[in-house]
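Structure record follows, encoded as structure tokens.
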Amino acid sequence: MPLRLPCLRWFALCLFSSSVLAVSPDGVVSVSHPAAAAAGARMLAAGGNAIDAAAAVQFALNVVEPQSSGIGGGGFMMVYLAKTGETFVVDSRERAPAKASADMFAPDGLAMPFPLASTSGLAVGVPGTLRGVDTALRRWGTKKLADTLVPAIELAERGFRVNRFLAQDIVNDSGRTQLYPETAAIFRPNGVPLAEGDWLVQRDLANTLKRIAAEGPDAFYRGAIARAIIKAQQRTRDELGTAGQGRMGLADLAQYRVAIRKPLIGQYRGWTLATMPPPSSGGLTMLQMLGLLERVPLGDASQGYGFGSPNTLHAMTEAMRLAFADRAVWIGDDDAVPVPRAGLLHPGYLATRSALIRMDGRMDTPQAGDPKPWDPTAVRPAPSRAPAESLQTTHFAVVDRWGNVVSYTSTIEFTWGSGITVPGHGFLLNNELTDFNFVPGFDAAAGNPGANDVSPGKRPRSSMAPTMLFRNGKPVAAWGSPGGATIINSVFNVTLNLIDHGMTMQQAIIAPRLSVTHAAGRISCEGGEAFMRPRISVAAQDALRALGHAGLGEAGTDGCMDTIGSVQAVVIDPATGLHHGAADPRREGTVIRVKP
Ligand code: GLY
């Protein structure tokens, strides 16, 4: 794909000069899989709006990227409505069932082993994706739910060609496609993993989607599919016995409700960002990182802060470590436990935290800060043990001819979720409840509210961060990423690339990313894939090593060999009204424009 020369940073609108050919006034869809992108484009071409297209994409992803998201999971759909200028988030995060308890992953005070707990029914949260999509369609869509299911039903019934990424995920499944026979039967027929190029037909899934099309979401949340879900989540790994069985009942499914939220709004160098509030940590943590670095002249090569320079990479790393220290302590589902949002984003608080960043060396492992002076609601909890987080999930973006925009991240948590396919119904169940603290942090004596402890009806803390960038009150770009806790860093990297480094959206996506997800953390950095450019040089890596950073291996070697996230984006040029798309070659990212 041809790259333009980097734009000059003072050309504030250079992100619109996308190198992608898909430019249209009539809508663009950007998705991690071409068949799902085609499903969305089909809705737009048939006169549907961005919400209709998003519904079709999400259902199609359940078929062609089943390891990442689907009706057995949850997600966050950010919607900008051109007519009113409002932005909402449909929060369809999975919820803990009524019988969940804070100690359920540590019944004897000791955390269950993650590989066992996360592949047992106990990990399955009440799924929200279908209710979320249906709610969005009812509020803002123009098509019927059944119409948006048609492309997914066709893909499941007629089949599709397995791509490299699905084939790799089957082989590198950490056992999850092999644990339960219904999952193995789909992805390892006769014990042989599906390979790239194989044809995959999913008849059970097609029938499930047809039933939902005919009967509506109640077919899933009540009735036969609901009963099958309840039975399936009683599966448990032998080692855990009945302690590993799911606690969801029919009433949990029947009573599942989405939340409609206002996005979290932040500013960075004159740009406005709308991003994901709690129960995700994604938006708060990303806005904290940006706030910590606003005083740093990122992007100014003459001061040593160009893309990939040691100064830039060091400052990014330290901001990530500080923000992740706060995340581990302060952020959870604030419908259940208050999160001191105002304090965590207060310029005074961020200034004291930013002052901890020294340019001459790596700081000692930072503790979470105390935003109480800036936010009287803050009650300082003790740190909790961070749960393991997977690198999966999926993100897509859509803009339609009227200027409505959707930025949607959805998941079943780990790659392959719990590994449990609902027998006879062909979809995987999530393991989202393992995003909660395994060992409860609540401690009344210490004033620890247990921000991310399990409790009935609560949503586990997420990292998902569907984001939109606004200029003069109108969205100019929308993006997001999969990748567990690295989601936050992928969205952060792309934001810096756009605003500080003056890249086009496609360049911002292709550029190698840097990630640290713990205060004590080691750097993980990209560079293994040939398309990632400009590279992060070995000299820059050596400079980071000299500053005391770990994770890059031996001096003089290239330690940037990771792959982080998969960013899909749309861009709207306010000057021309044209829509651009940009997609990530880290998966089969695809942009489709609607032809006028
Ligand atoms: N399970 C991934 C996330 O919510 O961030």
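Source: prediction; values computed, not measured. Numbering of ligands and ligand atoms starts at 1, following listing order.
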Practice problem: Measure from NZ or CZ of Lys458 to the centre of the six-membered ring of Phe436 and say whether it is under 6.0 Å with the direction within 45° of the ring axis. | Solution: no
Quiz item: Think Arg261 forms a cation-pi with Phe88, using NZ or CZ under 6.0 Å from the six-ring centre and within 45 degrees of its axis?
Solution: no
Those atoms of ligand 1 less than 4.0 Å from some heavy atom in [X]:
X: Ser462; result: 3 (C), 4 (O), 5 (O)
X: Glu432; result: 1 (N), 2 (C), 4 (O)
X: Met464; result: 3 (C), 4 (O), 5 (O)
X: Asp435; result: 1 (N), 2 (C), 3 (C), 4 (O)

Self-check item: Which residues share a ring pair (Phe, Tyr, Trp, His ring centres under 6.0 Å) with His549, sequence neighbours left out
Solution: His314
Exercise. Examine the proximity of ligand 1 to Arg93 and report which part, side chain or backbone, both or neither, has a heavy atom under 4.0 Å away.
Key: side chain
Quiz item: Is the gap between the ring centers of Tyr268 and Phe492 under 6.0 Å?
Solution: no
Quiz item: Are Phe105 and Phe114 an aromatic pair by the rule of ring centers under 6.0 Å?
Solution: no
Practice problem: Would you mind finding which of Ser463, Ser280, Pro482 brings a heavy atom closest to atom 5 (O) of ligand 1? | Solution: Ser463
